[in-house]
Amino acid sequence: VMTQSKLSAFFRSS
Amino acid sequence: MFEARLTEGSLLKKIIEAIKDLVQEANVDCSEEGLTMQAMDASHVSLCSLNMRHGGFDHYRCDRSISLGLNLANLGKILKCAGNDDVVTLKAEDEPDTLTLMFESPNQERISDFELKLMDIETEHLGIPNEEYKCTISMPSGEFQRIVRDLAVIGETCIITCTKEGVKFSVSGDLGNGNVTVRQSSAADGDEKDQVKIQMEEPVTLNFALRYLGFFTKATPLGSTVKLHMSPDVPIVVEYPIDGIGSISYFLAPKIDE
């Protein structure tokens, strides 16, 4: 099953 | 005092058209260097980053850095009041409640001004590392738009595979499946802007939602070329250079097999 990842999994809040 | 004048006012129309379906509200940051904007879609799956250098404007003045909280749909409505050949000037005070937009027809026979109310928008700002991508594909923006539009009819997810030979876009759905491969142009092939160029350190395969790629292709009128930057297991960057002024880049998180 393909799951849509979120950007927060890759980029940190600044 | 902030003041920015664009002779090619239609550029601003195209930029807002390229963003407003993905992002409803955004802060546009104005500084001495120019305008920047970073905003995520409501589900935080994609991000749009706009960069317009001060040198790309015909006149640019920004005494103090300010942030303009904009409802992009409303800004789009006001920009619809500008003629395609109009010169557009943006103005705001140092602590603005409104953004003034002035439109001048080329012969100066018609001058209009509008004020757009600004909003307080709380946004999450993401730090995006300035990384080297394993694959960078440069291709005609119209070709990319066509592929995304065609494949979206068949399924929801697009597998993008980049190798030295070319880029393969694959989709599968209830009715069947399909692949489109664009091959690297040979040096002798026609116009620079029609070429497909691939810079690759290692092959990359990633899965993306076609719905979001479709939103990104709203930027197609901004330029003849699009660049796709990909590395394994990280968001794709879909970058549209805007001639002489900057770029609009979209980041999209991949779909992951669990």
Side-chain angles (χ1 to χ4, degrees), chain A, chain B residues 22-23 27 29 36 38-49 122-131 133 155-160 170-173 177 205-213 215-216 229-238 249-258:
Chain A
V1 181
M2 300 288 279
T3 312
Q4 176 63 62
S5 58
K6 304 247 180 194
L7 285 176
S8 54
F10 306 94
F11 302 139
R12 251 189 235 148
S13 283
S14 62
Chain B
L22 189 67
V23 174
N27 284 315
D29 297 311
T36 57
Q38 192 203 83
M40 278 190 277
D41 73 281
S43 54
H44 289 199
V45 164
S46 70
L47 180 149
C48 175
S49 169
E122 292 230 357
T123 54
E124 193 184 347
H125 203 269
L126 293 183
I128 300 166
N130 207 352
E131 66 178 291
Y133 286 87
E156 290 177 3
T157 304
C158 179
I159 307 168
I160 305 179
S170 305
V171 68
S172 62
N177 58 68
T205 296
L206 287 170
N207 296 275
F208 295 104
L210 281 161
R211 185 175 123 79
Y212 286 95
L213 295 176
F215 282 130
F216 305 165
H229 306 275
M230 299 202 299
S231 283
D233 306 316
V234 299
I236 189 174
V237 188
V238 180
S249 296
Y250 302 90
F251 295 76
L252 176 60
K255 284 189 164 187
I256 291 168
D257 219 348
E258 294 210 344

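Naming: A, B, ... by sequence-line order, numbering from 1 per chain. Just so it is clear, the structure is predicted and the values come from calculations on it, not from any experiment.
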Applying ring pair (Phe, Tyr, Trp, His ring centres under 6.0 Å) to B:Phe251 and not counting sequence neighbours gives A:Phe11
Search all heavy atoms of A:Leu7 against all heavy atoms of B:Leu252 and return the closest pair with its distance. CD2-C, 4.5 Å
Here's a test: name every donor-acceptor pair under 3.5 Å between chain A and chain B, with the distance for each.
unit_1	atom_1	unit_2	atom_2	d
A:Val1	O	B:Glu258	N	3.0
A:Thr3	N	B:Ile256	O	2.8
A:Thr3	O	B:Ile256	N	2.6
A:Gln4	NE2	B:Ala253	O	2.9
A:Ser5	N	B:Pro254	O	3.2
A:Ser5	OG	B:Pro254	O	2.5
A:Lys6	NZ	B:Ser43	O	3.0
A:Leu7	N	B:His44	O	3.0
A:Arg12	O	B:Gly127	N	2.7
A:Ser13	OG	B:Glu124	OE2	2.6
A:Ser14	N	B:His125	O	2.7
A:Ser14	OG	B:His125	O	3.4
A:Ser14	OG	B:His125	ND1	3.3

